[in-house]
Amino acid sequence: MDTPAAKTNFIWDAVEQDLRSGRYQSVHTRFPPEPNGYLHIGHCKALVADFLTAEKYGGVTNLRFDDTNPAKEETEYVDGIMADIRWLGFDWKGGLFFASQYYDQCYAIAEDWINRGLAYVCELTAEELRTYRGTLVEPGKNSPYRDRPCAESLDLFHRMRAGEFPEGRMILRMKIDMASPNINMRDPAMYRILYKEHHRTGKTWCIYPMYDFAHPIGDALEGISHSLCSLEYEDHRPLYDWVVEHASNLLPARPRQIEFSRLNLTRTIMSKRYLRMLVEGGYVTGWDDPRMPTLCAMRRRGYTPESIRDFIGRIGVAKADSVVDLALLEHCVREDLGGKAPRAMAVVRPLKVILTNWPEEKRDALEMENHPDHPELGTHQAVLTREIYIEQEDFMEEPPKKYFRMFPGNEVRLKGAYIVKCEGCEKDESGIVTAVYCTVDMDSRNGSEGASRKVKGTLHWVSATESLPFEARLYEPLLMDESDAEAALAADTEESDIASTAPTSSSTLKTDFLKTLNRGSLETCCGYMESYLATAQEGETFQFLRMGYYCKDRDSTAELPVFNRVVGLRDSFAKQVKA
RNA sequence: UGGGGAAUUGUGUAACGGCAGCACCUACGACUCUGACUCGUAUUGUCUAGGUUCGAAUCCUAGUUCCCCAGCCA
């Protein structure tokens, strides 16, 4: 599988320089997820950066689960993440690792540092610690425990491990610089007490290393050359280097951390916290609801790994904050599926058409190509009968200009079948069209002499009696578009301005986020499909002619077979009408 | 008010002192038994102000705007 990435990017430039200068002899990367949730499209950028950077320079990539916080992590996520990475087509040739397997080494380094006066046990409460840390503009103060004897710290640390103290009673801190303008360097925590069962180490430990301590150690122990991560860790790089430097007596390598900007997508939620809120609040049916940006959801919806990798290759890698247009992802999906998805006819919003001059019992089995560009994919039969369904939007009693579908007096072609002429329609009391009447030009059967004359419109159709009902699920983004979201938030502000002048808190942020949810993100339609789709397998994708790509869903609780709309076809007519 | 980053067309990303390119989006056209695909055409850009230079997106100076950081999360 290819990911036609850009020719180069700033990371590869840096890697090449490192190789040329001899700083590193080979390239070894790692992908380090925390197993506290499912992977989403945002993670793919890191996945591709890690795996392709190594591959490009003949190196390998490790998969390492950064499982240093047992309160949040579960085996379910470990399994899910591995399945998602495999699905995308990546292979952790460097090996599978867990940060938790380095707990012994971390512990040894901690003891070493205590002995060397580089770490100390601090008994400040969390609250006190916050005050001692200072602020963004004011330096912090040294902890009163900072200069306690090494032996005392060591003893306390051993007793922390032995489970003699309750959670929060004390922590182990690095001794760096409480006056540093970089807050991360103000004696950061290394170890905290946590009486949580770990998904891999069970109850072996009741103290756990912090990310800033364990991560560089894991990298170095694995011989990672380039440790790629997102921009918010730039401030942590001095700390990363400090850890590696001071533990170098116990570490085999000196990795280099390089940061790049995260992926943001328009109208897409890319925060694990908010995604969890959607799942737990019942706004979606689960982590794999096809509207979610998780890989398991995209897989279920019918996105292909090829299209996702193509997408990631096209967006590039840089350090500037950016928001990629969802349209680019959709383009990649269409491009991939367009070349390989078999074609079929299905009517999503049916309107009955009666072919008045077609004999009641007549059936005509027509040969339909499975793919216009791939004759080797063969054909299937579609049966034409007196009563058929067409798409509601394909008939208008009073058409606008440039409408070349069905309207009274107009001729259109039924795809792969005959040319028909619309003679009129039938409406109910409220004026809704309930049926359309057409006459068939019996000489215009597909392939015959009379079929060669040109008519402007070609419609997809299914027989009313020989098709199968199905459920179409049409998806739109989970978030409103920008202008709607702004309007929704503005309307909300007007109301709350009167009630309160409270500053923005995390709880208002939460409600703000929920206010910008797109209420129309799921539409369910009962349509009819060609009977040849009855054997479609779960995960199989078709192009429903003129409608879009649809993937057979696994939902077995629904009464009808379910097809997810992966993405619609481009529709220049719809755009024209809107404008 | 401290520290760390970033600014190139509507969006994303190239150009590493020498013609601002590519993709998506948008618009128009050709083709069409999918208003799809394909093909063609077009619009729009170097944050600002100075400076260096034959020549600046690129180098220098000053400014502006945006993002990140005060977890015993990662």
Side-chain angles (χ1 to χ4, degrees), chain A residues 6-9 13 32-34 36 66-69 71-73 99 122 124-126 129-131 133-140 167-173 180-186 188-194 207-208 210-212 214-215 229-238 259 261 266 272 311 314-332 334-335 338-339 343 345 369 372-373 402-405 412-417 419 446 451-452 454-460 543-548 568-576 579:
Chain A
K7 288 189 294 288
T8 190
N9 61 51
D13 289 347
E34 183 187 15
N36 69 344
D66 257 343
D67 54 350
T68 53
N69 185 356
K72 295 210 245 167
E73 298 149 6
C122 178
L124 253 20
T125 65
L129 190 62
R130 194 158 49 242
T131 2
R133 185 155 34 226
T135 69
L136 293 177
V137 292
E138 297 157 6
E167 283 186 15
R169 176 72 186 74
M170 57 187 70
I171 57 172
L172 184 70
R173 299 174 73 181
S180 171
N182 180 348
I183 291 183
N184 294 302
M185 301 298 273
R186 318 239 261 235
M190 286 170 70
Y191 267 99
R192 76 287 214 189
I193 300 169
L194 242 34
I207 56 172
Y208 291 91
M210 301 287 293
Y211 166 87
D212 280 317
H215 193 84
C229 64
S230 48
L231 242 32
E232 66 264 32
Y233 291 102
E234 273 181 319
D235 283 344
H236 294 245
R237 185 169 2 112
E259 312 85 10
S261 67
T266 56
K272 234 183 239 181
F311 169 72
R314 289 184 196 226
I315 60 173
V317 186
K319 293 195 73 152
D321 294 319
S322 61
V323 184
V324 177
D325 195 333
L326 188 58
L328 180 59
L329 212 208
E330 295 187 333
H331 167 81
C332 294
R334 284 192 197 102
E335 187 167 84
R343 310 290 133 119
M345 292 195 291
E369 57 190 359
D373 306 325
K402 295 248 225 160
Y403 185 85
F404 39 85
R405 303 178 186 182
V412 297
R413 188 187 301 275
L414 296 178
K415 173 74 183 175
I419 294 169
N446 186 26
S452 58
K454 300 285 178 197
V455 287
K456 190 65 180 158
T458 300
L459 309 185
H460 64 283
Q543 186 197 91
F544 288 176
L545 248 39
R546 305 208 305 135
M547 298 305 287
L569 258 27
R570 286 187 66 203
D571 188 349
S572 51
F573 177 68
K575 275 176 198 148
Q576 194 182 311

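Convention: sequence-line order gives letters A, B, ...; per-chain numbering from 1.
Put simply, A:K456 has no side-chain N or O that comes within less than 4.0 Å of OP1 or OP2 on B:G35. Residue A:T8 places none of its side-chain N or O atoms closer than 4.0 Å to OP1 or OP2 of B:A14. Look at A:R133 and you'll find a side-chain N or O under 4.0 angstrom from OP1 or OP2 of B:C72. Taking 4.0 angstrom as the limit, A:R413 places none of its side-chain polar atoms (N or O) nearer than this to OP1 or OP2 of B:U34. Between A:R570 and B:U26 there is a side-chain polar atom (N or O) within less than 4.0 angstrom of OP1 or OP2.
By the 5.5 angstrom centroid cut-off and the 30-degree plane limit, A:Y211 is classified as not stacked against the base of B:A74.
Taking atom CG of residue A:D235 and atom P of nucleotide B:G2, one finds them 15 Å apart after rounding to whole Å.
In this structure, of B:C69, B:A36, B:C24, it is B:C69 that holds the atom nearest to the side chain of A:L136. Distance from the side chain of A:K415 is smallest to B:U34 among B:U34, B:A7, B:G35.
Under the 30°/60° scheme for interplanar angles, the aromatic rings of A:H236 and A:Y211 are found to stand perpendicular.
Rounding to the nearest 0.5 angstrom, the gap separating the CD1 atom in A:I183 from the CE atom in A:M185 is 13.0 Å. In this structure, CE on A:M345 lies 13.0 Å from CE on A:M547, to the nearest 0.5 angstrom.
Among the heavy atoms of the strands lying under 4.0 Å from A:R343 is at least one base atom, whether or not backbone atoms are also near.
B:G50 adopts an anti glycosidic conformation, its chi angle falling more than 90° from 0.
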